[in-house]
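Letters A, B, ... mirror the listed sequences (proteins, then strands); counts begin at 1. None of the values given here were measured: they were computed from a predicted structure.
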Amino acid sequence: MSLKTDIAEAIIAGVSAAQAKGSLPAGELPPIVVDRPQSEDNGDFATNLPLRLARAFRLEPFEIAQRIAESIPTSTFIERVWAAKPGFVNFALNEAWLTGQVEAILQAKDSYGNSQVGAGRKVQVEFVSVNPTGPIHVGHTRGAVLGSTLASVLSAAGYDVTREYYVNDHGTQMELFYRSVYVRYLQAQGQDVELPAQGYKGDYITELAKLIQQEEGDRFLNMPEDEAVTDIGEIGLDKMLTNIGADLEQVGVTFDVWYKEHDLFDGGRYGEAMGLIAKNGYVSDREGARWFTSTSLGEDKDNVLVRSSGQPTYFASDVAYHLDKFAYRGFDHVIDIWGADHQGHVSRMKAVLQALGIDPNRLTVMISQMVTLRRGDEQLKISKRSGDLITLRDLVEDVGADACRYFFLSRSPESQMEFDLDLAKEQSSNNPVYYVQYGHARIASISRLAAERGIDYVDGDVSVLKHPAELALIRKMIQLPGLVESMAEDLEPHHLARYSLDLASAFHWFYQQCRVVSSEPSDLPMTKARLRLVDAARIVLARSLSLMGMAAPEQM
RNA sequence: GCGCUUGUAGCUCAGUGGAUAGAGCGCAGCCCUGCGGAGGCUGAGGCCGUGGGUUCGAGUCCCACCAAGCGCACCA
């Protein structure tokens, strides 16, 4: 499957062989850990197994390492096995095998890096899910980039992925939104009316109302107020969702499903969920309201499902929504990506699953931490209801979609981050984003030159590639499949940012060291081989960029 | 007060319990008579928040403390 697995198998075989001939004592092995040494002096892979066996075997770790190393035969892909200092066994890859990987990559094309570890299991990634009462701002954008990249990675790893946006189109905030649009509409008609106290004050509501007035005229003035509020509100909601979708598309984020909260009620899911949670004994009625008795599951407090007014809370919808995900739509695993302001709800959601009889381990809630904005020395805070907000749209206009995605992806989601808009702009020619993309443009440029000169290199023989820079580039390229697997396993797509930087760096170094297209006739075999290498590098770099949702430009 | 997250180079941040802690930016130097210099190479710069503990081994795991962010509604 992966190289590490192959090496782990070789290690197990080596230990067994050593045990069989009596150079190592019998005994169970711990799980084999194969990792990549940071110094290349220590080979391509290493295991710490001897250190872990020292106690059980009552031998010096280095002694064990030597005995294991001498029992592992070289193979088509392992060039050399040796014992090292405290108690490692190191492995160096066979160079002929390495250069052969260039052909493997060329053959795999765009599917290089794909894996089957997901085995087609159904996974849902639900992300963004911003209330459609306002535009997407910078904090949401972080979650959007994280979610879309994670979905791409999971898909590459062989999962059956559904990308979903949950639309809160129900409840008190929605009513406030409806009424706010209605009031702005009346104002646009010249009427002197006030926004409700908690109404949405943003300019976008005013503009929305004006647009509705232009498209629909004054027809809402002649109907009962309740009806007018509902009709205008629905039109407004629709326009908001359209805008949200368009904004997200600007940064390369799309969804398979836009799931409306309203449908939970219309489709009966809400009733079924409430029935099930009550049947399982986690509901009590008191103080005129209906409560989820989460304290019996170890939570700090109980939570209201149905208010004394008879209105369900958003939390009740969430219960129904998650029942729907697991019980009706059959997701093996669900990943919810929430903002930091919702992290207090994670354990409560897990408790809900327990109450519904669903294994809580099937849900992973990822928290995307706060983003603070800075313009030079000025700290900016984002408040949704104030007029002053930095939206996704502003951000993309400022720094561009690719820089925006890369910037978010180069940090792990659980650490708070600072986004300096000035810096992101200033740096633009000298930014890691451009460094990576320039690598791709350079490759494209080499290909253009080869085409101009009419060089046909389908028969290039990659076995002539021996230069350290060539081999270093190949070593970096073949890390992608393992990276995809580990990112899918750990749900950590942000490693792509560093990987793509390292890959680009390996390419730039190769480019500096090795002339690709040579005019000397005697260099033709090397030219052909390097052109094949360059094509393969392009495949891997383009794939890395595409997983990150970034463009792979032909020229810049 | 309780809970979650975060404290690593001047700045922004990586770092699957292992072998000399990394990158980008910034700073100081160097490299083009051939494929795009948006490039390559070298250097300075670190009690990994503090103190304990577990381990053969801790930036990484556990505990306490300090600091920052976010939560702790019959709002979402």
Any A/Q369 side-chain N or O less than 4.0 Å from OP1/OP2 of B/G69: no
Examine A/H508 together with A/Y435 and report whether their ring centres are nearer than 6.0 Å. yes
Have a look at A/Q38 and say if it touches a base, only the backbone sugar-phosphate, or nothing, with a 4.0 Å heavy-atom cut-off. sugar-phosphate
Which of these nucleotides, B/U16, B/A73, B/G34, is closest to any side-chain atom of A/K301? B/A73
Could you state the CZ-P distance from A/R36 to B/G22, rounded to the nearest angstrom? 16 Å
Closest to the side chain of A/Q512, out of B/G37, B/G40, B/G24, is B/G40
Could you tell me how far apart A/D35 (CG) and B/U60 (P) are, to the nearest whole angstrom? 18 Å
Under-3.5 Å donor-acceptor pair between A/S308 side chain and B/C74 base: yes
For A/A497, which contact category applies under a 4.0 Å heavy-atom criterion: base, sugar-phosphate, or nothing? nothing
Under 4.0 Å, heavy atoms only, any strand: does A/L449 hit a base, just the sugar-phosphate, or nothing? sugar-phosphate
Within 45 degrees of the axis of the six-membered ring of A/F419 and under 6.0 Å from its centre: does A/R374 put its NZ or CZ there? no
Considering only atom P, compute the distance from B/C65 to B/C2 and round it to an integer number of Å. 8 Å
For A/M174, report the nucleic acid contact type (base, sugar-phosphate, nothing); a contact means any heavy atom under 4.0 Å. nothing
Considering only side-chain heavy atoms of A/N131, which listed nucleotide, B/A76, B/A23, B/A19, is closest? B/A76
NA contact type, A/S412, heavy-atom cut-off 4.0 Å: base, sugar-phosphate, or nothing? sugar-phosphate
P-based separation of B/A21 from B/C35 [nearest Å]: 40 Å
Here the distance between atom P of B/U16 and atom CD of A/E492, to the nearest Å, is 7 Å
Closest to the A/D341 side chain, choosing from B/C35, B/A23, B/G71: B/G71
When the C1' atoms of B/C61 and B/G69 are considered, how many whole Å apart are they? 24 Å
Same-atom distance (C1') from B/G52 to B/A23, integer angstrom: 33 Å
Start at the 5' end of RNA chain B and walk down; is the nucleotide closest to A/S445 or to A/W291 reached first? A/S445
How is A/E418 classified with respect to the nucleic acid when contacts are heavy atoms under 4.0 Å: base, sugar-phosphate, or nothing? sugar-phosphate
Which base, if any, makes a Watson-Crick or G-U wobble pair with B/G7, both distances under 3.5 Å? B/C66
Looking only at side-chain atoms of A/H508, point me to the closest of B/A21, B/G15, B/G40. B/G40
Base partner of B/C61, which must satisfy Watson-Crick or wobble distances under 3.5 Å: B/G53
Value in whole Å for how far the P atom of B/A73 lies from CZ of A/F292: 17 Å
Hey, does A/A46 reach any base, or is it just sugar-phosphate, or nothing, if we go heavy atoms under 4.0 Å? base
Watson-Crick or G-U wobble mate for B/C72, both contacts under 3.5 Å: B/G1
Can you check whether A/T172 has a side-chain N or O nearer than 4.0 Å to OP1 or OP2 of B/A76? yes
Identify whether any heavy atom of A/F315 sits under 4.0 Å from a base atom; if not, whether one sits that close to sugar-phosphate; answer base, sugar-phosphate or nothing. nothing
Determine, for A/F315 and A/R348, whether the Lys NZ or Arg CZ falls below 6.0 Å from the six-membered ring centre while staying within 45 degrees of the axis. yes
Any side-chain donor paired with an acceptor under 3.5 Å for A/S115 and A/E485? yes
Pairwise P distance, B/G53 and B/G1 [rounded to whole Å]: 27 Å
Considering just the side-chain nitrogens and oxygens of A/Y434, establish if one lies under 4.0 Å of OP1 or OP2 belonging to B/C25. no
Using the C1' atom as the reference point in each nucleotide, state the distance between B/G18 and B/A38 in Å, no decimals. 39 Å
Closest to the A/Q416 side chain: B/G34, B/C13, B/U5? B/U5
Pick the nucleotide of RNA chain B nearest each of A/E520 and A/R442; which residue has the one closer to the 5' end? A/E520
On a plain distance test, is the side chain of A/H345 in donor-acceptor contact with the base of B/A76 below 3.5 Å? yes
Students often get this wrong, so: under 4.0 angstrom with heavy atoms, is A/E414 touching a base, only sugar-phosphate, or nothing? sugar-phosphate
Checking B/U5, B/A14, B/C2 against the side chain of A/D300 (C-beta onward), the nearest is B/C2
So what does A/D318 touch, heavy atoms closer than 4.0 Å: a base, only the sugar-phosphate, or nothing? nothing
Would you tell me if any nitrogen or oxygen in the side chain of A/Q311 comes within less than 4.0 Å of OP1 or OP2 on B/C74? no
Which part of the nucleic acid, if any, lies within contact of A/P61, taking any heavy atom under 4.0 Å across all strands shown: a base, the sugar-phosphate backbone alone, or nothing? nothing
Flag yes if more than 12 heavy atoms outside A/R58 fall under 6.0 Å of its CZ atom; otherwise flag no. no
Could you tell me if the ring centre of A/Y165 sits under 6.0 Å from that of A/F127? no
In whole angstrom, give me the gap between the C1' atoms of B/U60 and B/G3. 23 Å
Should A/W509 be counted as stacked on B/G40, where stacking needs a ring-centre gap under 5.5 Å and an angle between planes under 30 degrees? no
A/D523 has an atom CG; how far is it from atom P of B/C35, in whole Å? 15 Å
Checking B/G40, B/C35, B/C70 against the side chain of A/V516 (C-beta onward), the nearest is B/C35
Go through B/A76, B/G69, B/A19 for me and flag the one nearest to the A/Y314 side chain. B/A76
Could you work out which one of B/G22, B/A76, B/C74 sits closest to the side chain of A/Q173? B/A76
Residue pair A/T133 / A/Y204: nearest heavy atoms and the distance that separates them: O-OH, 2.8 Å
In whole angstrom, give the distance that lies between atom CG of A/L421 and atom P of B/C11. 20 Å
Just checking A/A289: base, sugar-phosphate only, or nothing, at a heavy-atom cut-off of under 4.0 Å? base
A/Y406 atom OH is separated from B/G24 atom P, nearest whole Å, by 10 Å
Heavy atoms under 4.0 Å, any strand shown: does A/H495 hit a base, just sugar-phosphate, or nothing? sugar-phosphate
Can you tell me the pairing partner of B/C13 across any strand shown, Watson-Crick or G-U wobble, with both distances under 3.5 angstrom? B/G22
Taking atom types as modelled and ignoring hydrogens, do the side chains of A/D302 and A/T295 form a donor-acceptor contact shorter than 3.5 angstrom? yes
Which heavy atom of A/D318 sits nearest a heavy atom of A/M349, and at what distance? O-CE, 3.8 Å
When you compare B/A68 with B/C62, how far apart are their C1' atoms, in angstrom units rounded to a whole number? 23 Å
By the Watson-Crick or G-U definition, both distances under 3.5 Å, B/G34 is matched with none
Just checking, any donor-acceptor pair under 3.5 angstrom between side chains of A/E299 and A/S347? yes
Side-chain N or O of A/S415 less than 4.0 angstrom from OP1 or OP2 on B/A14? yes
Between A/Y435 (OH) and B/G37 (C1'), how many Å, whole number? 12 Å
